[in-house]
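Below is one structure, written out as structure tokens, with a few remarks after it.
Start at 1 and go down the list; that is how both ligands and their atoms are numbered.
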Amino acid sequence: MKRRKFLKRASLTGIGVAVGTTILANTPSNKVNEIEENLLTNTKENFPIVISTWNVPNATKKAGILIEEGGTSLDAIEKGCMIEEADLNNHSVGNGGRPDRDGHVTLDACIMDKNGNYGSVVYMQNIVHAIAVARKVMEDTPHVILAGKGAEEFAISKGFKKTNLLTEASKKAWEEWKKESNYQPLINIENHDTIGMLAIDKYGDISGGCTTSGLAYKMAGRVGDSPIIGSGLFIDNQVGGATATGMGEEVLKTVGSFLIVELMRQGKSPQEACEEAILRIVTKNDNYKKFQVGYIAINKKGETGYYSIHEYFSVSIYKDNNCINLPSDFFNKTK
Ligand code: SD4
């Protein structure tokens, strides 16, 4: 697809699409079969493709180039996410991430492959590349989640280096915060960089990953949505994938990424499915004006969708050797 056509399609899918009201239960079964058939038939038109939460061109390009060159979506996800984890200027992922209230940087990450395999680390400290450790959990252990000290020790046993993740800049910001110790999880409305990434490689296979240091100044021991299968990330290689950013507690309560993939299985477009998942949150929670959640999704054809509660969520997309950042449409239009 040429760049102009891609941009046009991307902005069409991203902005101003009405929320679908069709409920599968009301859809005739021949229609359901037709929808599923369409979803499962690769058109080869829209991939390889990578989509990431927020404006993360370096990570998205890294993944995009890898799959353009014939790499697998799983390698692309791991290597792409690692770029953000190593970036000291990104204060919500990996090295340089904001600490919890006690000054500890604790990381959550997960990865999922085309076969539905999943690996994750939660509440891990002192290791930069949580996404790579999550992959090792998936591939080299009989388990799917390792937490805290166990995750750290496993990482070290696999050759990962122990690193102090609390940079001077993050320490300074934490010390400033401590003066008032005012925990206001009203964050994410303007910008945030927790990276969720979905990719389809040349072979049509989907993988996804998600990596974060979680909410700044969270309580010690807190784990968010990002490393939890079905909440921060879900992949079904027959249907598509979804991943989340923002207030993890709300994503967890609605099992957002699984919901989006199941809605796509039932015939919704990625855009409609993301909008429906955001609606689930806001209709259950009068408090929604105080937190942000953003979702991205991709289906088997490589069609993308993205939607958030508030303005300023954006996505990065790599396609046909181009990487672009697009603003997301959002639910709360009241100022
Ligand atoms: C969490 N969902 O720990 C993560 C944070 C995040 O953009 O995505 N921020 O709740």
Side-chain angles (χ1 to χ4, degrees), residues 51-56 59-60 81 84-85 87 89-94 96-101 104-111 120-125 130-131 134 145 147-148 151 165 170 173 183-198 208-234 242-260 274 277-278 281 285 287-288 290-297 306-316 325 327-328 330:
I51 179 167
S52 313
T53 54
W54 305 108
N55 187 14
V56 286
T60 310
C81 288
E84 289 306 307
E85 290 177 333
D87 183 353
N89 294 319
N90 182 337
H91 297 302
S92 54
V93 179
R98 295 269 188 251
D100 65 14
R101 291 173 197 192
H104 299 122
V105 181
T106 69
L107 306 182
D108 292 342
C110 78
I111 196 160
S120 110
V121 290
V122 307
Y123 196 68
M124 186 179 70
Q125 298 179 47
I131 193 86
I145 304 178
L165 304 177
S170 283
Y183 184 61
Q184 276 187 316
L186 313 181
I187 47 131
N188 296 338
I189 289 179
E190 267 128 49
N191 197 10
H192 209 272
D193 300 308
T194 285
I195 180 164
M197 186 185 273
L198 308 167
C210 194
T211 179
T212 186
S213 52
L215 300 181
Y217 318 130
K218 60 196 176 184
M219 289 174 72
R222 183 263 189 190
V223 172
D225 61 307
S226 304
I228 305 301
I229 189 169
S231 290
L233 175 75
F234 195 71
T243 183
T245 182
M247 180 59 68
E249 282 71 6
E250 301 305 322
V251 176
L252 281 161
K253 286 192 279 185
T254 49
V255 200
S257 295
F258 183 71
L259 172 64
I260 290 171
C274 288
I278 289 291
I281 293 175
N285 198 328
N287 216 23
Y288 73 83
K290 297 193 176 160
F291 58 80
Q292 172 71 304
V293 171
Y295 286 117
I296 64 174
Y306 34 96
Y307 198 64
S308 57
I309 299 177
H310 300 285
E311 199 172 4
Y312 303 127
F313 176 48
S314 72
V315 299
S316 302
N325 178 238
S328 172
F330 51 97

* Kindly write out the residues that satisfy side-chain contact (heavy atoms from CB on, under 4.5 Å) with I281, not counting sequence neighbours, or none if the list is empty. => E250, T254, F291, V293, Y295, I309

* To do: May I ask which of I228, D225, I195 has a heavy atom nearer to atom 2 (N) of ligand 1 than the others do?
  => D225

* To do: State, without any angle test, whether S316 and W54 hold a side-chain donor-acceptor pair at a distance under 3.5 Å.
  => no

* Asked: Say you draw a straight line from OG1 of T53 to CD of E84; how long is it, rounded to the nearest 0.5 Å?
  -> 8.5 Å

* Structure fact -> For S226, the ligand 1 atoms with a heavy-atom partner under 4.0 Å come out as 2 (N), 4 (C)

* ligand 1 N/O within reach of G248 N/O, cut-off under 3.5 Å -> yes

* Structure fact -> With sequence neighbours left out, the residues meeting side-chain contact (heavy atoms from CB on, under 4.5 Å) with A109 are V121, A130, T211

* Short N/O distance, under 3.5 Å, between E249 and ligand 1? -> no

* Counting both backbone and side chain atoms, is some N or O of R222 under 3.5 Å from an N or O of ligand 1? -> yes

* Asked: Which one of G224, A244, G246, G294 has a non-hydrogen atom at the shortest distance from atom 5 (C) of ligand 1?
  -> G246

* Asked: Can you tell me if K253 and S231 form a side-chain donor-acceptor pair at under 3.5 Å?
  -> no

* Asked: Have S314 and N325 got a donor and an acceptor in their side chains that come within less than 3.5 Å?
  -> yes

* Asked: Any N/O of T245 closer than 3.5 Å to an N/O of ligand 1?
  -> yes

* Between G214 and ligand 1, is there a nitrogen or oxygen pair with a distance under 3.5 Å? -> no

